[in-house]
Amino acid sequence: MSSTTTSLADQRQRQVDHDAAREKHHLERASNLTPIRSRDELKALAEEASERLADASTAEVLAWVAEEFGYRTAVACSMADAVLPDVVAKHLPWVDTLFLDTGYHFAETMGTRDAVESTMQLSIVDVTPKRTVEQQDAEFGKDLFARDPGLCCEMRKVEPLAETLEGYEAWITGVRREDSWLRANTPLVDWDEKNGMVKINPLAAWTFDELIEYATEHDVVINPLMNDGYPSIGCAPCTRRVEPGEDPRAGRWAGLDKTECGLHA
């Protein structure tokens, strides 16, 4: 048997073992989930932890999340990179990782999503809008994102995510303070009033360079667009390359009176 054939066989076996481990975890996890606590209980937890963990390390915050919420936790990942789910999975292996499949993503983003699912110790949950792109075009007119980007984001991101989050007590985001002035005061632990749950931002204090350094050191999957002038990646029609010296999010909704999709408003 040639070395190439052996390598392919090894790869297939690794994939089988990987998928089997995920399935085993899901079967075990289902019987250990505790009932979701009330809104008031969760809010009290968030407020207490926000103060106590204000200056905590990423590892300290995630250790608290694992102990307090376990698998009632979801990670939101845009697939610009997989640093966030990789960091979280060290405390909650096979954690649910929510991917907003808007129907407008770059091919590179979809490829990153597939690579993450097949190689990392996490569980991808595809969050999809109620309408396909074609159905939205038929009802609201073609290219709604160019005429009313707020409504497009609401239907394709905000509403589907809110519905999916109902099954969890806490969600973890990759929001970082240096992303923009609107995020400059992002706390590590917060209360998400809109979704009625705890919101954790464990990478809030990280810089872009620290993010890339971690990805390189730990061989974490990175969307190839990040090395092609896209430090912040959203839907393809609403994202452009960023020029040297520009704000990292300058390429999002460029030319439009919009800076956030509404997920973190």
Side-chain angles (χ1 to χ4, degrees), residues 18 22 53 55-66 69 71 73-101 105-127 157 161 168 170-180 183-184 186-190 198-235 239 241-242 247-249 251-252 260-261 263-264:
H18 178 272
R22 180 193 292 119
L53 298 173
D55 299 313
S57 67
T58 297
E60 289 170 336
V61 171
L62 292 176
W64 171 74
V65 171
F69 304 105
Y71 288 97
T73 304
V75 179
C77 185
S78 65
M79 297 302 164
D81 63 79
V83 169
L84 178 65
D86 184 78
V87 171
V88 178
K90 288 177 168 52
H91 299 266
L92 287 169
W94 303 112
V95 65
D96 283 357
T97 301
L98 312 185
F99 172 60
L100 296 175
D101 189 355
H105 283 302
F106 290 98
E108 291 87 344
T109 299
M110 299 306 297
T112 300
R113 176 238 175 268
D114 293 344
V116 165
E117 182 177 43
S118 65
T119 62
M120 295 180 62
Q121 202 174 29
L122 50 78
S123 303
I124 295 290
V125 177
D126 290 318
V127 178
K157 292 184 176 181
L161 179 65
Y168 304 92
W171 70 303
I172 302 176
T173 85
V175 170
R176 293 182 297 110
R177 293 166 188 157
E178 76 163 20
D179 282 340
S180 71
R183 300 179 175 186
T186 298
L188 295 175
V189 180
D190 200 7
V198 183
K199 184 178 180 182
I200 301 101
N201 310 294
L203 308 186
W206 287 35
T207 65
F208 181 75
D209 288 344
E210 287 173 327
L211 194 79
I212 298 302
E213 182 180 343
Y214 179 96
T216 302
E217 181 180 347
H218 297 273
D219 196 26
V220 174
V221 178
I222 290 284
N223 191 318
L225 291 173
M226 291 191 73
N227 295 317
D228 190 26
Y230 294 87
S232 181
I233 304 169
C235 293
T239 307
R241 287 183 177 83
V242 172
D247 184 283
R249 288 179 63 81
R252 304 291 296 278
E260 296 282 348
C261 61
L263 296 176
H264 305 293

- [ ] Begin from the C-alpha positions of E210 and L203 and carry the test side-chain contact (heavy atoms from CB on, under 4.5 Å) through to its verdict.
- [x] CA-CA 10 Å; E210 287 173 327; L203 308 186; over 6 Å; no
Side-chain heavy-atom pair [X], [Y] within 4.5 angstrom cut-off:
X: H18; Y: S118; value: no
X: L161; Y: W171; value: yes
X: I172; Y: L62; value: yes
X: M79; Y: V116; value: yes
X: V220; Y: I222; value: no
X: R177; Y: N201; value: no
X: V87; Y: W206; value: yes

- [ ] Could you tell me the separation between the CD atom of E213 and the NE2 atom of H218, rounded to the nearest 0.5 Å?
- [x] 9.0 Å
Open item on the list: Would you compute the distance between atom CD1 of I124 and atom SG of C77 and round it to the nearest 0.5 angstrom?
Closed with: 6.5 Å
For residues 224-235, which side-chain N or O atoms pair as donor and acceptor with protein atoms under 3.5 Å away, sequence neighbours left out?
residue, atom, partner, partner atom, Å
D228, OD2, R241, NH2, 2.8
S232, OG, R249, NH1, 3.4
S232, OG, R252, NH1, 2.8

What pairs of donor and acceptor atoms, side-chain ones from residues 91-101 against any protein atom, are under 3.5 angstrom apart with sequence neighbours left out?
residue, atom, partner, partner atom, Å
D96, OD1, R29, NH1, 3.3
D96, OD1, R29, NH2, 2.9
D96, OD2, R29, NH2, 3.3
D96, OD2, Y168, OH, 2.7
T97, OG1, V95, O, 3.3

TODO: Identify the heavy atoms of V221 and A115 that sit nearest to each other, and give their distance.
DONE: CG1-CB, 4.2 Å
Task: Nearest heavy-atom neighbours spanning V242 and D247 - done: CG1-O, 3.5 Å
